[in-house]
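Heads up, the thing below is written out as C-alpha cells.
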Amino acid sequence: MYALLASSNRRVSSPREPMHILLPPFRRARRLYCFHISLSIAQLSVSSLNPEETLRKLQELAKEGLDPYVVAYRFEVTARAEELRKKYSLLQPGEETGDRVSVAGRLWHVRRHGGITFMDLRDESGRIQLVVRKDVVATNPRLEKVLQFLDKGDIVGVRGRVIKTKAGEVSVLVEDLELLAISWRPIPFHEFGVKDPEQRYRERYLDIMLNSKVRSAIVGLYQVEREMRRVLDEKGFVEVHTPKLQAIYGGALAKPFVTKINALDRTVYLSIAPETYLKRLVVAGLHRVYEIAVSFRNEDIDATHYPEFVQLEAYMAFADWNDMMSLGEELISEAVKALYGSYKVEREDGTTLDFSRPWQRVNMVEAVEEALKVRVRDMSREELAELAESLGVEARDPRAGKIMEKLFEKVAMPRLKNPTFVTLFPRDISPLARPSREDPRYAERFELYIAGLEIANGYSELNNPVLQYHFFKEEEELRRALEAESHPMDRDYVRALEYGLPPTGGIGIGLYRLMMVLSGLPSIKDVIPFTITSPENVELVSESLEWLARRYL
RNA sequence: GGGCCCGUAGCUCAGCCAGGCAGAGCAGCGGGCUUUUAACCCGUGGGUCCCGGGUUCAAAUCCCGGCGGGCCCGCCA
C-alpha cells in the first residue's frame, strides 16, 4: 500500500517531456528564437558546454562582423609552435623581439589576469603560449572585441611578436587575433582528459587530441610505414594492392566477412590476408613485392585482436625463411630507429626492449622442452595431448602440431620479451609453408614475438603445386572433421603454382601489434584511429539550433 | 561461453558497509587582478543518485530483476 503510493508519487513528480516537443517549429522559432533557444538548449543534457553561452557569443560576434563561419575561410600560417619554442629558447626572460610570426591552432588554456591574458595554443607540432597585453589590445579594437568571447577549445589564428615572458617562456605577444572556429562543446583539457573507456573510443577525436600516447602511436604508425617503405624501396620492392573482395578467401586460417557484389550477384569475402595474391604476383615475375594490407577477420575482439587490421606482407623470390627473418629484423629495427633514434626502446613499465640485430632465434620444440624440462620432440599426438591436458591446455585437435603450438603459447611464449624468432613450426598447421629441408614434420616457418606478443609470421613459401594441392585437400578434410578454421581449396592458386613459383620467402608483420608493443598501449584499439562502438543516441547542439542554418544560406 | 567490478552534477569522484535534508573538486556563470603555466581570490546556478519492482515510517544506501560499461579466463594476428 505504502509502496504503491510512493512509487506513484515518484512517477507523478518526475515527468519529462520528450525533447522534440520542446523544439519550436521552424517559423515560430525565427520570431521568438531568443526565448525558445534558451528553453530548448536548457533541456539538452549534451556535455556541459553551455550552448546558450556559446550561442550568445556567436550572436555578439556576428553583430561585429566577426562570425567565424562567415568570415574565416583561411589563415596565413608562418610558424609552428614547437619550432618557435626551439628557435627562441635562448631569449632572456622578459626579452622581446621584433620578429613577427603567425601561428594557428586550438586554445588549450586561457588564463585571464585582468590586464593581461595568457593562453596556450596547440598546433600539430606542439604548444606555444600567447600573451595578450592590455596596452597592445588598446591599439586594436577588433582584438579587444574578440578577446571578450574567447574560450578554451576555440580555434584561433594569431599574429604577433616573439617574446620571452618574465617567467621564461617563449611566447607570442599577440597583436592581432582571428577567431577561426568556435567549440560548442567543452573539451576535457587535461592530459588523459577522457577517462571513460567507452567515451575514448566513441569520441576518438577527443582521445587523440588529449592523450599524447595515443596521438604519438597513431603518428608513429605512419612513421613506421614510411620507414618500412623506404627500406623495401631501396631493395627494389614494388608495392601493390591486392583485392579486398575475394571469391575465395585464403592466406591465413580465419573466419571471413561475407558480403556480396550486387552487379554480379555473387557472394564474396573480405580479404583475410593478401598472401596468395602476392605470391601470384611473384609467379607473374614481380620478384620483390609487398603490400601494406588491411585485412579482415570475423573473429573476437580483445586486447590484441580487432576485426580489421593492417599488416605488411612482403615476398622475395630466390630467398628462404632465413632471408625473411633478416628482412624482418631490418624492417622493424630501422623503423624503431627512425621512431626513437635508437634501437633500444624504454617503455613506461621501466623495461627496455632491445631491437639491436641479430635477434634471438629458438626453435619451438626446444623452447617447449626448455620451459618444461621434458623431451617432447618425438612424442606422438596422444602423448602430447596427455601432456597438454595435464597442464590445463585444451588438446582435442587432431593435429599434433596444433597441440605443440598451444603448449608453446602456454609455457614458452610469455617469456619472450626482446624480439625473438620462434622457428620450425609444425608442418601440419602450416599449409602454405615449405616442409623443412631437414625434418619434414616441421615447416620452414617462423613467428616473431616481442613483449610476449606475436608480431610477425613468415616462411619459405611452398612452391610445389602437388604438395599445395595435397595440403589443401587435407585442410578440407580437417574442416569437415573439426569445423575448425582451415584453408579453403584455391584451385586458381594451385594453377598459378603449376606455372612455376621460384623459391620464395615471405613475411607478414602486424603493424598495429608492433605499434602496441612500441607504445606500451594496452589495447590494440588504442593504436587504431577509429574502432566500432555500440549504437548510441547522439544528442546534438545543432539539432536544437536548426533555425540558425538559415543565417548562412 | 564462465568469473569479478562499476553506474551519483557537464567531467572526476565521495557518500552505500552501519537507511534519516544530495556532497566535494574541476568546468560554467558574475566580479577582481599587467607575468601566469590545469593561474589565483570572492560570489553563484547546476541532480531521473542507470531503469523497474520489493522491504521500511523513511532507500543513492538493503533485497530482487533488468539495462549499460569495464576487466580477467577459454579460440583467432
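The shown structure was predicted, so the numbers you read here are calculated from the model rather than taken from an experiment. By convention in this document, chain letters (A, B, ...) are assigned in the order of the sequence lines, proteins followed by strands, and residues within each chain are numbered from 1.
For the pair A:K57 and B:rC29, the criterion of a side-chain N or O lying under 4.0 Å from OP1 or OP2 is not met. A close approach under 4.0 Å does not occur between any side-chain nitrogen or oxygen of A:H113 and OP1 or OP2 of B:rC40. For B:rU36, neither phosphate oxygen OP1 nor OP2 lies less than 4.0 angstrom from any side-chain nitrogen or oxygen of A:R111. Residue A:K406 places at least one side-chain N or O under 4.0 Å from the OP1 or OP2 atom of B:rC75.
Among the nucleotides B:rC76, B:rU34, B:rA38, the one closest to the side chain of A:H109 is B:rA38. The listed nucleotides are B:rC29, B:rU37, B:rC33; the one nearest the side chain of A:D151 is B:rC29. Side-chain proximity of A:E53 to the nucleotides B:rC76, B:rU35, B:rC29 is greatest for B:rC29. Set against B:rU36, B:rU34, B:rG30, the side chain of A:Q129 has B:rU36 as its closest nucleotide. Checking B:rU37, B:rU35, B:rC76 against every side-chain atom of A:R127, the shortest atom distance belongs to B:rU37. When distances run from any side-chain atom of A:R56 to the nucleotides B:rU37, B:rA39, B:rC29, the shortest one goes to B:rC29.
Going from the C1' atom of B:rG65 to that of B:rU55 covers 15 Å, rounded to whole Å. For B:rC49 and B:rG23, the C1' atoms lie 11 Å apart once the distance is rounded to whole Å. Here, B:rC21 and B:rU61 have their C1' atoms 15 Å apart, quoted to the whole Å. Rounded to whole Å, the P atom of B:rA14 lies 14 Å from the corresponding atom of B:rC62. For the C1' atom pair drawn from B:rC67 and B:rG52, the interatomic distance equals 10 Å after rounding to whole Å. Nucleotides B:rG15 and B:rU8 have their P atoms positioned 14 Å apart, rounded to a whole Å. When the P atom is used for both B:rU56 and B:rG68, the distance is 32 Å, rounded to whole Å. Taking the C1' atoms as reference points, B:rC75 lies 14 Å from B:rG2, given to the whole Å.
Residue A:K145 qualifies as enclosed at atom NZ: its count of foreign heavy atoms under 6.0 Å is above 12. With a 6.0 Å radius and a threshold of 12 heavy atoms from other residues, nucleotides or ligands, A:F530 has its CZ atom above the threshold.
One interatomic measurement links the two molecules: CZ of A:R112 to C1' of B:rG30, which rounds to 14 Å at whole-angstrom precision. Note: CG (A:L210) to P (B:rU12) measures 13 Å, nearest angstrom. The separation between A:F408 atom CZ and B:rC75 atom C1' is 17 Å, rounded to whole Å. Taking atom CZ on A:R297 and atom C1' on B:rC75, their separation rounds to 14 Å, with Å as the unit. Remark: P of B:rC11 and NZ of A:K152 are 16 Å apart, rounded to the nearest angstrom. As a whole-Å value, the separation of A:F149 CZ from B:rG28 C1' is 16 Å. Regarding A:L107, its CG atom lies at a distance of 15 Å from the C1' atom of B:rA38, rounded to whole Å. Taking atom CD1 of residue A:I116 and atom P of nucleotide B:rU35, one finds them 7 Å apart after rounding to whole Å.
Nucleotide B:rC4: paired with B:rG70 (Watson-Crick or G-U wobble, both distances less than 3.5 Å). Nucleotide B:rU36 forms a pair with no other nucleotide shown, judged by Watson-Crick or G-U wobble geometry with both contacts under 3.5 Å.
For the atom pair A:I182 CD1 and A:D154 CG, the distance stands at 6.5 Å (nearest 0.5 Å).
At the heavy-atom level, A:I524 lies under 4.0 Å from base atoms of the strands shown. If you check every strand for non-hydrogen atoms under 4.0 Å, A:Q311 touches nothing. Among the protein residues, A:T304 comes within range of the nucleic acid bases, having at least one heavy atom under 4.0 Å from a base atom. The residue A:N298 sits apart from the nucleic acid: no heavy atom pair falls under 4.0 Å. Using a 4.0 Å heavy-atom criterion, one finds that A:K410 contacts no nucleic acid atom at all.
In this pair, A:H487 and A:F472 present their aromatic rings parallel. The plane angle is below 30°, not in the 30 to 60° band.
Counting atom types as modelled, A:D302 pairs a side-chain N or O with a base atom of B:rC76 as donor and acceptor under 3.5 Å. On a pure distance criterion of 3.5 Å, no polar donor-acceptor pair joins the side chain of A:E169 and the base of B:rU36.
Of the charged side-chain nitrogens involved, none lies within less than 4.0 Å of a carboxylate oxygen, so that A:K406 and A:D397 do not count as a salt-bridged pair.
With hydrogens and angles ignored, the 3.5 Å screen pairs a side-chain donor or acceptor of A:S171 with a backbone N or O of A:E169.
For the residue pair A:D99/A:Y88, the side-chain donor-acceptor check at 3.5 Å is satisfied.
Judged by closest nucleotide on RNA chain B, A:K164 is the one of A:E405 and A:K164 placed further toward the 5' end.
Screening A:F421, A:Y459, A:W359 for a ring-ring contact (aromatic ring centres under 6.0 Å, His included) involving A:F446 leaves a single residue, A:F421.
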